[in-house]
*Asks:* 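So that we are looking at the same thing, I have put the structure below in structure tokens.
Residues take their numbers from the sequence shown, with the count starting at 1. Worth knowing before you read on, the calculation uses all heavy atoms, side chains too, and leaves out hydrogens, waters and symmetry mates. Both ligands and their constituent atoms are indexed starting at 1 by order of listing.
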Amino acid sequence: MSNLVLYRKYRPQTFGEVVGQEHVVKTLVNSIAHNSISHAYLFSGPRGSGKTTIARLFAKAINCEKPATGNQQTVTSFEPCNKCSSCTEIMQSRSMDIIEIDAASNTGVDNVRELIEGIKFAPVKSKYKVFIIDECHQLSKSAANALLKTLEEPPAHAIFLLATTEAHKMIATITSRCQRFDFKKLQVPEIVKKLEYISKKEKIQFEPSALSLIALNSRGSFRDAESLLDECISFSGNIGTIKTESIKELLGIVEVGQVAQFVDYLVQKNTKDAITFIGTLVDSGVDLQEFTKTLVFYLRQSLLLKINPVYLNLQNSGFSRDEIDKMKAQTAGFSEVDIHKLIEMFIDAENRIKYATISQLPLELAVVNITYQQS
Ligand SMILES: Nc1ncnc2c1ncn2[C@@H]1O[C@H](COP(=O)(O)OP(=O)(O)O)[C@@H](O)[C@H]1O
Ligand SMILES: [Mg+2]
Ligand SMILES: [Zn+2]
């Protein structure tokens, strides 16, 4: 296996390889194919959902010397060739005409302003000069002003691709000059599919449930999923099949089964076993904040399930059929109001764990509170 970290190695190099985000890819590809490119795009969405990936792909596609144009009906009707000098330069991050700025690490730096103003000069060799500005909402004031001025009268060769995880923090005058795309958080099955693909390519065997465990713990971020996969591979030393058990150990991950067990104790108002359970978590090195997060996630799903079973479907919840059945049985013993109270209490506990001297105390107090309540 090469040293390249997985998330770099498997960054999609064609539009066809992008998972999900169909609405974005389709619109962008069509605009290239029909020669109706905008000067500014805003990509907003959660981390690891493909904003940088698609920005680079777009920059590559519009500057490609030999793009592949195919069937206009399919998403992949316009792909960069990945062979011409423009494509290779962009892939090796040495193109003079693609300028990437991370506003998060460059705030207040005045040369960002100069860089942005520099877009008025013609591209060195490409058709378009492309600016990719990451975490754009964090640009310094002077840089944001320079950007705004350029967006008011962009030179014909200039393209701005702005990416942000917090679109609401962007200045409205900038946003209104951009064509906006909202990236979706990726679903567990979409992430699993790519993890399967990567492990096949890397010739590494995983138990199927191991990959969904990784996907579940990446909270919809491909980058996190791929980094977790990396960790698991180096942890297991590339030999044999990687087991769910060892991943749990490695990541201190909490399994849904454990959370369900804990909720059982709460339903039964079994204070003693619930407190012992928390002690066991601490002893086995589980991150209590992570556990509580998973617990809140689980309770939210239980609440949704109670309100209407169709909210919790097998495809996108990340839960197995057995787990959903178990949840159904559990929620029979709770009213919506009960679950609401539990959620409030554990959100509160999660916040307090950060500052607690005895890290398990907030959880223990919540348990006592819940199990001693009159029903
Ligand atoms: N939609 C996607 N399809 C396939 N892989 C993706 C997708 N989004 C992210 N990835 C993977 O995650 C990594 C990080 O994605 P990136 O585009 O940098 O995310 P961000 O939205 O934070 O800019 C990529 O290198 C790629 O391997
Ligand atoms: Mg990014
Ligand atoms: Zn090319």
Side-chain angles (χ1 to χ4, degrees), residues 2 4-26 28-29 32 41-69 75-76 78-93 95 97-98 100-106 125-128 130-138 161-167 181-199 201-202 214-215 218-230:
S2 86
L4 217 54
V5 284
L6 292 180
Y7 88 80
R8 287 236 183 98
K9 187 165 170 190
Y10 290 96
R11 193 187 279 283
Q13 294 301 340
T14 60
F15 287 115
E17 287 169 50
V18 175
V19 181
Q21 321 302 8
E22 290 87 358
H23 59 302
V24 182
V25 173
K26 201 165 174 202
L28 288 177
V29 167
I32 309 174
Y41 294 90
L42 176 63
F43 293 171
S44 121
R47 62 184 244 108
S49 59
K51 300 183 297 296
T52 303
T53 304
I54 292 182
R56 288 188 190 158
L57 261 170
F58 187 71
K60 202 163 62 171
I62 56 178
N63 279 327
C64 177
E65 293 152 18
K66 276 204 180 101
T69 49
V75 166
T76 53
F78 198 103
E79 292 283 12
C81 74
N82 288 337
K83 290 195 191 96
C84 71
S85 68
S86 167
C87 282
T88 34
E89 280 177 14
I90 295 174
M91 285 194 283
Q92 295 165 357
S93 312
S95 167
D97 296 318
I98 312 295
E100 284 197 44
I101 297 176
D102 181 2
S105 55
N106 279 307
K125 57 175 277 196
S126 323
K127 198 162 156 201
Y128 295 101
V130 183
F131 256 92
I132 301 177
I133 309 183
D134 219 351
E135 293 308 346
C136 190
H137 63 277
Q138 292 198 30
L161 299 168
L162 315 178
T164 178
T165 46
E166 295 176 75
F181 290 101
D182 291 315
F183 282 56
K184 293 203 195 75
K185 192 166 159 175
L186 290 141
Q187 303 282 349
V188 172
E190 292 174 319
I191 298 181
V192 169
K193 227 172 89 194
K194 186 163 179 203
L195 293 179
E196 275 169 358
Y197 171 81
I198 297 178
S199 22
K201 285 265 169 184
E202 296 289 325
I214 293 176
S218 62
R219 293 175 219 286
S221 160
F222 258 123
R223 187 177 320 109
D224 291 6
E226 288 164 12
S227 305
L228 283 178
L229 191 70
D230 246 338

*Asks:* Could you work out, with ring-ring contact (aromatic ring centres under 6.0 Å, His included) as the rule, every residue matching F222, not counting sequence neighbours?
*Replies:*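 Once residues adjacent in sequence are excluded, F222 has no partner under the ring-ring contact (aromatic ring centres under 6.0 Å, His included) criterion.
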
*Asks:* Could you see which bit of Y7 sits under 4.0 Å from ligand 1, with heavy atoms only: side chain, backbone, both or neither?
*Replies:* both

*Asks:* May I ask you to check if ligand 1 and Q21 share an N or O to N or O distance below 3.5 Å?
*Replies:*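 Not met; the criterion fails.
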
*Asks:* Given that the side chain starts at C-beta and the backbone is N, CA, C, O, which of these parts of P12 lies under 4.0 Å from ligand 1, counting heavy atoms, or is it both or neither?
*Replies:*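 The answer is the side chain of P12.
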
*Asks:* Looking at the Mg ion (ligand 2), is one of the N, O or S atoms of T52 less than 2.8 Å from it?
*Replies:* yes

*Asks:* Is there a polar contact, in the sense of an N or O pair closer than 3.5 Å, between V18 and ligand 1?
*Replies:* no

*Asks:* Contact between ligand 1 and G20 is defined here as a heavy atom of the residue under 4.0 Å from a ligand atom; is it met?
*Replies:* no

*Asks:* So, with waters excluded, how many protein N/O/S atoms does the Zn ion (ligand 3) have closer than 2.8 Å?
*Replies:* 4

*Asks:* So between I198, V19, T52, whose heavy atom ends up nearest atom 23 (O) of ligand 1?
*Replies:*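 Closest candidate by heavy-atom distance is T52.
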
*Asks:* Quick one: ring-ring contact (aromatic ring centres under 6.0 Å, His included) partners of F183, sequence neighbours excluded?
*Replies:* F43

*Asks:* Hey, is G48 one of the residues with a heavy atom under 4.0 angstrom from ligand 1?
*Replies:*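 For ligand 1, residue contact (heavy atoms, under 4.0 Å) with G48 is present.
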
*Asks:* Between V24 and V18, is any pair of side-chain heavy atoms under 4.5 Å apart?
*Replies:*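 In short, these two side chains do not touch, never coming nearer than 4.5 Å.
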
*Asks:* Does anything in residues 51-62 pair up under salt bridge (Lys or Arg N to Asp or Glu O under 4.0 Å), and if so which pairs, sequence neighbours excluded?
*Replies:*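 For residues 51-62: R56-E100.
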
*Asks:* Among L228, L229, L195, find the residue that satisfies the side chain to side chain contact (heavy atoms under 4.5 Å, CB included) test when tested with L6.
*Replies:*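 With L6 as partner, side chain to side chain contact (heavy atoms under 4.5 Å, CB included) holds for just one option, L229.
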
